[in-house]
Amino acid sequence: WCLAHQYNGNMADQVLARETFLLKNRQFDVTLSPTTLSWYPLTAGDALHASDSNTLDLSEVIAVTPVEKHCSRNKDDFSEIELTPISCSRFAVHYVQKKRGRKWRPGKVTFKCPDIAVCRDWINRLQERLNQEYLRPHRLLVFVNPFGGKKQGVQIYQQKVAPLFDLARIKVDVIVTERAGHAQDLLQELELNKLDGIVCVGGDGMFSEILNGLIIRTQQEAGVDKDWLAAELVRPHLRIGIIPAGSTDAVSYATVGVNDPVTSALHIIIGDCQPLDVSSVHYRSQLLRYNVSFLGYGFYGDVVRDSDLRRWMGPTRYDYSGFKKFCRRKIYEGEVAFLPCPDQDSSPHDQTRCTTGCYVCKQAGEKNKPTPFNPSEEPRAVETFGPGGWQRIRGRFIAINAATNSCACKKTPKGVSPSAHLADGCTDLILIHATPRYRFLGHLLKHLTDSDRFNFSFIEVYRVREFKFRPVIIEEAEDEMVEDEEAGVLSRRNCRRNTRRNSVWNCDGEIIDQPAIDVKVHCQLIKLFARGIEETKQSSCWPGGCFCAGPIRD
């Protein structure tokens, strides 16, 4: 259901076109194959400069444009707006340059052809290959949140993203949102059939709006009851792109490896495709939200509730609220029931990372192919407790967390659950039992290092497909003033009253007030314009590859 960019050795050996072009006033042998564009110096003296030869994967070519000798440069140093003359003998190939820290930048190589006809022929051949072989978007709907993060969404789009979309000749319809929920509401009304994808410029909250709006509309059009927990949801056909412009940008960080607007824009342009698991959160028989990253009750729920009252502080509100709630350290009693993941191919403790082309996610996609929705089908029984079935844990908790992916961000580069996968159909359920404050602090500090943050006696972690949480109701004896209708006066009597001492759920940064929820993971429900985190060279400061090292193409 999602095409991957695959290298085919036989196709690479085929030659579609071959010509001698000038590059930096030197002759190069330029060859076009079905998957690559390569060039090699021909002059005898240039044989010493073999480093000037190069091979580009066509899947990472941004655009091919005719070029005149002079060009105009815009304000950003990373892109050029080419003049398009009526006739020319030069063409430029714009491609992805991979920089340090998993950042991408546009690169450009310009070839001078023998004549205008050859130039036009090569431009057409290259463009034809890009259009035929890769799922590149041609028309996008872009939602820009001007209020998220540092309130730079409009500026980021206009200065860093729009010039790249123009270069790639992508048609865009831009909507600047005016309020919370605006994008989700519009997605229920707008015509989407002619689009190739939806892009959000904002933070995790903006992405959540697009996610919920698109999934809800897809289920409505397919006749699927979204409130039915056991329903097999229909996958939307549109991919979602994320241009990070928020406070945390955890979704972008977990799926690309960096929260950089230019990098994310280039992933969208070249048509990358990454499946992603989605969890549906229900209360009784009603859908509350869909989420893709983090669910947190207790400590993390209290933090998001407190920080939501201090939006005027900007991103620093999370640090303030986190310190405040850590000092108070509330304990919540409840019961968690969960259905473990049946496959043992991966574990939250295995210290592996989900990267591009992940084998675990690929296997999960093959095992969890969608089945047609049958409206007459009755809900199946899912609460069979015992070996191989549901399990139940009751206790006093500081926090109950569920990480559907690593939930990595700048402050926690490895994430809440470093070994969580993007598309394995499971979420990592993390139970943090009541413990002294200093021990909980030790767990929090582990998030800043590569140490195992689950190696504590008060922490349990399970890889699950579904889970339920029920808070415990506390009965308290207290006096109550009641009205004596006959006497017409108030009298005091002793009674027992049920009171709730509950937290809220932090759902991808949004608040869910209902503490009693049911959660189910839907395997690879949506597609993103991403490719997962690419592996980099080994480094002593990062066991699986360092964020400060990576492949570089000059």
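Applying the side-chain hydrogen bond (donor to acceptor under 3.5 Å, both in side chains) rule to R305 yields the partners D302; only residues at least two apart in sequence or on another chain are considered. Legend: residues meeting side-chain hydrogen bond (donor to acceptor under 3.5 Å, both in side chains) with D319, ordered by chain and number and at least two apart, are K411. With sequence neighbours left out, the side-chain contact (heavy atoms from CB on, under 4.5 Å) criterion links P137 to L140, I170, D196, I268, F529. Take K151 and apply the side-chain contact (heavy atoms from CB on, under 4.5 Å) test, not counting sequence neighbours, and it matches no residue. Take V174 and apply the side-chain contact (heavy atoms from CB on, under 4.5 Å) test, not counting sequence neighbours, and it matches V142, V144, Y157, V172. Partners of F326 by side-chain contact (heavy atoms from CB on, under 4.5 Å), not counting sequence neighbours, listed by chain and number: F299, R437, F440, L441, L444. Considering only residues two or more places apart in sequence or on other chains, R179 meets the salt bridge (Lys or Arg N to Asp or Glu O under 4.0 Å) condition with D185. Take T449 and apply the side-chain hydrogen bond (donor to acceptor under 3.5 Å, both in side chains) test, not counting sequence neighbours, and it matches S451.
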Donor-acceptor pairs under 3.5 angstrom involving side-chain atoms of residues 238-246: please list them, not counting sequence neighbours.
unit_1 : atom_1 : unit_2 : atom_2 : d
R239   : NH1    : L135   : O      : 3.2
R239   : NH1    : G271   : O      : 2.8
R239   : NH1    : D272   : O      : 3.4
R239   : NH2    : L135   : O      : 2.7

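Across R531 and Q274, no two heavy atoms sit closer than the pair C-OE1, 3.4 Å.
Applying the salt bridge (Lys or Arg N to Asp or Glu O under 4.0 Å) definition to pairs two or more places apart or across chains, none involves residues 289-300. The salt bridge (Lys or Arg N to Asp or Glu O under 4.0 Å) analysis of residues 210-219, with sequence neighbours excluded, yields the pairs R217-E221. Residue pairs meeting the ring pair (Phe, Tyr, Trp, His ring centres under 6.0 Å) criterion with at least one member in residues 255-295, sequence neighbours excluded: W104-H267, F294-Y300.
Taking the six-membered ring for Trp and thresholds of 30 and 60 degrees, F458 and F456 have ring planes inclined between 30 and 60 degrees apart.
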